[in-house]
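In what follows, residues are counted from 1 in the order of the sequence shown. Below, each value reflects all heavy atoms present in this structure, side chains not excepted, and no hydrogens, waters or symmetry copies.
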Amino acid sequence: MKQLVQLKEYESEFKALNAELLFVFREESEGVEGLKKIKQKYDPPYLLSIDLNKKQTAAYSAKRRTFDNFVIDKEGVVRAVIDGTLRDRAKADELIKVLKSIESQ
């Protein structure tokens, strides 16, 4: 949840870059009810989703215990992958740097 809180602090910067953030949970044991609790507690300004069967997200996190972040452009093309682990996930400044580089192209 640390990443959810940290990224929320940069909401206006993401909005200025026309970026939409989407979190896909795979490890939420309470399923949709768990997501509702997270949404209520942290009030993130971005979408939360879940893939409990890990069918859709398996291709994105093929290695066990990876928590990578993908920057996907408006055409659906993956433009960058920021490696992440359970304890060390992408920070807002890393994502913003990638978004700015895409915007300037």
Practice item. Determine whether more than 12 heavy atoms belonging to other residues, nucleotides or ligands lie under 6.0 Å from atom NZ of K15. Key: no
Check your understanding: Which heavy atom in P44 sits nearest to a heavy atom in I38, and how many Å separate them?
Key -> CD-O, 4.2 Å
Check your understanding: Within the side chain of E94, is there an N or O that forms a donor-acceptor pair under 3.5 Å with the backbone of K91?
Key -> yes
Practice item. I would like to know whether F25 and D51 meet side chain to side chain contact (heavy atoms under 4.5 Å, CB included); could you show each step before the answer? Key: CA-CA 6 Å; F25 288 79; D51 182 14; over 6 Å; no
Review point. In the single-linkage hydrophobic clustering (I, L, V, M, F, W, Y; side-chain heavy atoms under 4.5 Å), do L4 and V24 co-cluster?
Key: no
**Study point:** D43 vs K8, side chain to side chain contact (heavy atoms under 4.5 Å, CB included): CA-CA, chis, key distance, verdict
**Key:** CA-CA 9 Å; D43 190 30; K8 183 177 177 180; 3.7 Å; yes
Practice item. Using atom types as modelled and distance alone, determine if a side-chain donor or acceptor of D83 lies under 3.5 Å from a backbone N or O of D68. Key: no
Point to revise | Y46 reachable from F14 in the ILVMFWY side-chain graph, under 4.5 Å edges | key: yes
Practice item. Examine Y42 and L48 and state if one hydrophobic cluster contains both, with Ile, Leu, Val, Met, Phe, Trp and Tyr joined whenever side-chain heavy atoms are less than 4.5 Å apart. Key: yes
**Study point:** Cluster check L17, L22: I/L/V/M/F/W/Y, side chain < 4.5 angstrom
**Key:** no
Exercise for review: Begin with the C-alpha distance, continue with both residues' side-chain angles, and end with the deciding distance and a verdict on salt bridge (charged side-chain N to carboxylate O under 4.0 Å, His left out) for K36 and E33.
Suggested key: CA-CA 5 Å; K36 288 179 184 177; E33 289 304 313; 3.3 Å; yes
**Study point:** Rounded distance [0.5 Å steps], CD in Q6 versus CG in D93
**Key:** 7.0 Å
Exercise for review: Report yes or no: do V78 and L47 belong to one cluster of Ile/Leu/Val/Met/Phe/Trp/Tyr joined by side chain heavy-atom distances under 4.5 Å?
Suggested key: no
Check your understanding: Roughly how far apart are F70 CZ and R79 CZ, rounded to 0.5 Å?
Key -> 15.5 Å
Review point. Without hydrogens or angle criteria, can the side chains of N69 and Q3 be said to hold a donor-acceptor pair below 3.5 Å?
Key: yes
**Study point:** R89 vs I82 side-chain heavy atoms within contact, under 4.5 Å
**Key:** no
Review point. More than 12 heavy atoms of other residues, nucleotides or ligands under 6.0 Å from CD of E20: is that the case?
Key: no
**Study point:** Approximate separation, where rounding is to 0.5 Å, of E9 CD and L7 CG
**Key:** 9.0 Å
